[in-house]
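Predicted, not measured: the structure shown is a model, and the values here were computed from it.
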Amino acid sequence: MLKQIIQNWNQYCKDENFVGIGSTRKVYRVLGYVIKVHLHPIGYKQSKNELEIYTSMADKGLAPLLAQTYYVDEFISVQKYYKPLELKNNQSYEVKVEEHRCLIPNLFDEVLEILDKNFDCFDLKDSSNYGLNNDGKLVFTDYGMTKSLYEKEWVPIAEEGILPQIHFDFCSVCGLEKELRMYGDNDKDKRCYDCGKE
């Protein structure tokens with residue numbers, strides 16, 4: 001199945017398979033896999049980082065805490081699927097060890113420290129970067145953004161309005177307060193993703 005997904009990924013990237021979208025990648029589910037489509041070269045760099053990180057962590061016996069990255073090329077990456085965490089009040093939130101104790105797997109703190117110190121990973125506590133395994137415990141699913149990649153490449157083009165930044169505001173179409181994708185300070189289009197703004 002993996003080979004088929006890699007060879008025919010375009011046919012699976014349909015609205016009914018949509019899982020989520022970030023600033024640099026858009027995610028679709030196919031059975032037990034996700035296809036991360038690179039919307040920008042930074043997305044490709046994130047996916048390459050995930051493959052490298054997963055391989056290294058597997059060598060340390062820590063693979064169960066990260067979604068396995070099976071394949072990466074300049075267009076897509078293919079990763080194991082985990083159920084995303086639900087939003088709270090239509091937005092992601094910070095995962096806190098004490099507050100979310102029931103979700104925290106063994107060796108979580110150790111993995112966090114390795115990702116931070118050895119791989120320079122960024123934004124590790126945002127709930128949108130996790131899924132849940134069969135035991136209802138957290139698994140890192142989005143772990144390829146590094147601090148240097150964020151600061152040197154992502155921030156400058158986000159400030160230029162090339163990549164979207166997330167702002168919590170009211171959608172001008174559905175009227176719900178939720179995360180909106182805003183492209184620079186001059187972007188006046190306050191529609192949410194569900195109402196048509198990518």
Side-chain angles (χ1 to χ4, degrees), residues 9-10 12-30 33-54 66-95 115-116 119-132 138-169 171 178-184 187 189-198:
W9 63 270
N10 264 322
Y12 298 108
C13 297
K14 302 174 180 175
D15 287 345
E16 59 266 27
N17 297 332
F18 175 74
V19 174
I21 188 169
S23 59
T24 63
R25 300 184 291 183
K26 191 171 184 179
V27 184
Y28 299 88
R29 179 182 179 184
V30 185
Y33 303 93
V34 292
I35 301 168
K36 295 183 177 183
V37 178
H38 305 139
L39 304 176
H40 188 275
I42 291 175
Y44 174 43
K45 291 178 182 180
Q46 287 175 258
S47 293
K48 285 197 301 183
N49 288 342
E50 286 170 352
L51 181 59
E52 176 191 335
I53 291 166
Y54 179 82
L66 295 99
Q68 182 172 357
T69 300
Y70 298 100
Y71 174 82
V72 176
D73 67 25
E74 62 184 297
F75 303 107
I76 64 163
S77 73
V78 180
Q79 198 177 67
K80 185 172 180 179
Y81 171 79
Y82 289 93
K83 180 183 175 185
L85 274 70
E86 291 185 16
L87 298 175
K88 289 185 179 178
N89 300 318
N90 290 319
Q91 62 183 322
S92 59
Y93 54 91
E94 182 181 341
V95 171
L115 291 175
D116 177 37
F119 296 103
D120 190 40
C121 291
F122 174 75
D123 203 23
L124 292 173
K125 294 190 177 178
D126 191 289
S127 65
S128 66
N129 295 331
Y130 296 94
L132 293 173
L138 296 177
V139 175
F140 290 92
T141 57
D142 185 350
Y143 50 92
M145 179 64 82
T146 65
K147 295 180 191 87
S148 57
L149 184 58
Y150 175 76
E151 291 166 2
K152 293 176 184 173
E153 297 190 41
W154 190 91
V155 169
I157 58 178
E159 288 176 348
E160 288 178 38
I162 295 168
L163 291 179
Q165 298 184 61
I166 303 302
H167 294 279
F168 195 64
D169 205 343
C171 172
K178 52 171 70 173
E179 293 179 341
L180 307 181
R181 299 166 60 77
M182 303 301 293
Y183 292 83
D187 186 358
D189 183 357
K190 290 195 172 183
R191 290 176 299 151
C192 67
Y193 178 85
D194 293 334
C195 290
K197 183 177 181 185
E198 283 203 27

What distance do Gln91 atom CD and Ser128 atom OG have between them, rounded to the nearest 0.5 Å?
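Rounded to the nearest 0.5 Å, the CD-OG separation comes to 11.5 Å.
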Could you state the interatomic distance from CG (Asp142) to SG (Cys121), rounded to the nearest 0.5 Å?
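Reported value, rounded in 0.5 Å steps: 10.0 Å.
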So does [X] have more than 12 non-hydrogen atoms from other groups sitting under 6.0 Å from [atom1]?
{"X": "Lys125", "atom1": "NZ", "value": "no"}
{"X": "Lys26", "atom1": "NZ", "value": "yes"}
{"X": "Glu16", "atom1": "CD", "value": "yes"}

Close side-chain approach of [X] to [Y], heavy-atom, < 4.5 Å:
{"X": "Val78", "Y": "Val34", "result": "no"}
{"X": "Ile35", "Y": "Val30", "result": "yes"}
{"X": "Ile42", "Y": "Leu163", "result": "yes"}
{"X": "Asn129", "Y": "Asp123", "result": "yes"}
{"X": "Leu180", "Y": "Ile166", "result": "no"}
{"X": "Ile21", "Y": "Leu39", "result": "yes"}

Does a side chain donor of either [X] or [Y] reach within less than 3.5 Å of an acceptor in the other side chain?
{"X": "His38", "Y": "Thr24", "value": "no"}
{"X": "Gln79", "Y": "Lys36", "value": "yes"}
{"X": "Glu179", "Y": "Ser92", "value": "yes"}

Given 3.5 Å as the limit, does a donor-acceptor pair link the side chain of [X] with the main chain of [Y], or not?
{"X": "Lys80", "Y": "Thr69", "value": "no"}
{"X": "Asn17", "Y": "Tyr12", "value": "yes"}
{"X": "Thr146", "Y": "Asp120", "value": "no"}
{"X": "Arg181", "Y": "Glu198", "value": "yes"}
{"X": "Tyr143", "Y": "Tyr130", "value": "no"}

Heavy-atom pair of closest approach, residues [X] and [Y]:
{"X": "Val139", "Y": "Ala67", "answer": "CG1-N, 3.4 Å"}
{"X": "Val19", "Y": "Pro84", "answer": "CG1-CG, 4.0 Å"}
{"X": "Leu149", "Y": "Asn49", "answer": "CD2-ND2, 4.2 Å"}
{"X": "Arg25", "Y": "Ser47", "answer": "NH1-OG, 2.9 Å"}
{"X": "Cys192", "Y": "Cys171", "answer": "N-SG, 3.3 Å"}
{"X": "Thr141", "Y": "Glu50", "answer": "O-OE2, 3.8 Å"}

Look at Lys178 together with Asp194 and state whether they make a salt bridge at an N to O cut-off of under 4.0 Å.
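A salt bridge is present here (some side-chain N lies under 4.0 Å from a carboxylate O).
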Return each pair, listed once, that meets salt bridge (charged side-chain N to carboxylate O under 4.0 Å, His left out) where at least one residue sits in residues 151-167; pairs must be two or more places apart or across chains.
Lys45-Glu153
Pairs touching residues 68-87 that satisfy ring-ring contact (aromatic ring centres under 6.0 Å, His included), sequence neighbours left out:
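Qualifying pairs: Tyr33-Tyr70.
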With sequence neighbours excluded, what pairs up with Asp187 under the side chain to side chain contact (heavy atoms under 4.5 Å, CB included) test?
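Partners of Asp187 by the side chain to side chain contact (heavy atoms under 4.5 Å, CB included) criterion, ordered by chain and then number, come out as Met182, Tyr183, Asp189, Lys197.
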Cation-pi between Lys88 and Tyr93: NZ/CZ under 6.0 Å from ring centre and within 45° of the ring axis?
yes
On the six-membered ring of Tyr44, is Lys48 placed so that its NZ or CZ lies under 6.0 angstrom from the centre and within 45° of the ring axis?
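Flagged: Lys48 positioned over aromatic ring of Tyr44.
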Any chance you could lay out the side chain to side chain contact (heavy atoms under 4.5 Å, CB included) test for Met145 and Trp154, step after step, and finish with the verdict?
CA-CA 9 Å; Met145 179 64 82; Trp154 190 91; 3.9 Å; yes
Evaluate side chain to side chain contact (heavy atoms under 4.5 Å, CB included) for Val95 paired with Leu138, printing each intermediate quantity in order.
CA-CA 10 Å; Val95 171; Leu138 296 177; 3.7 Å; yes
Tell me if the centroids of the rings in Tyr54 and Phe140 come within less than 6.0 Å of each other.
no
